Amino acid sequence: MTKSTVEELKLELEKSNKEIRLLKSKYENQVGELKKEVSYLKEQLMAQQDMLKMAVEYADKLGKELKGLKKRIDSGNFQSIH
């Protein structure tokens, strides 16, 4: 190989290494952004799950209270609020 061919190959290798570093940096930034987004979505899902759990618990409580009220009405043991 001639000296100029070796120099050209070195320059090509240097360009390739720069491009690899640039692509790696972009990839790491994108992964970081995706991790942030996934974390945010996870928090949102957990908050929604908590809200749904509270709603179900409240609905269950109301259902039990309505059953108790129905039993009182059916047994004649109901006093009017008025």
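Computed from a prediction, not measured in an experiment: that's the story for all the values here.
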Nearest-0.5 Å distance that lies between atom CD in E7 and atom CG in L9 = 9.5 Å

Identify which one of K42, E43, Q48, Q44 satisfies the side-chain contact (heavy atoms from CB on, under 4.5 Å) criterion when paired with M46.
-> K42

Which pairs count as salt bridge (charged side-chain N to carboxylate O under 4.0 Å, His left out) when at least one residue sits in residues 44-57, sequence neighbours excluded?
-> none

Listed by chain and number, what are the salt bridge (Lys or Arg N to Asp or Glu O under 4.0 Å) partners of K10, not counting sequence neighbours?
-> none

Distance (rounded to the nearest 0.5 Å) between L13 CG and I20 CD1 = 8.0 Å

Residues 22-40 vs salt bridge (charged side-chain N to carboxylate O under 4.0 Å, His left out), sequence neighbours excluded, gives E33-K36

Members sharing Y27's hydrophobic cluster, built from side-chain contacts under 4.5 Å between Ile, Leu, Val, Met, Phe, Trp and Tyr, are V31

Please list, chain by chain and in numerical order, all residues satisfying salt bridge (Lys or Arg N to Asp or Glu O under 4.0 Å) with E14, sequence neighbours excluded.
-> K18

Is there a donor-acceptor pair under 3.5 Å between the side chain of S16 and the backbone N or O of E12?
-> yes

Which donor-acceptor pairs under 3.5 Å do the side chains of residues 61-70 make with protein atoms, sequence neighbours left out?
from, atom 1, to, atom 2, distance (Å)
K64, NZ, D60, OD2, 3.4
K70, NZ, D74, OD2, 2.7

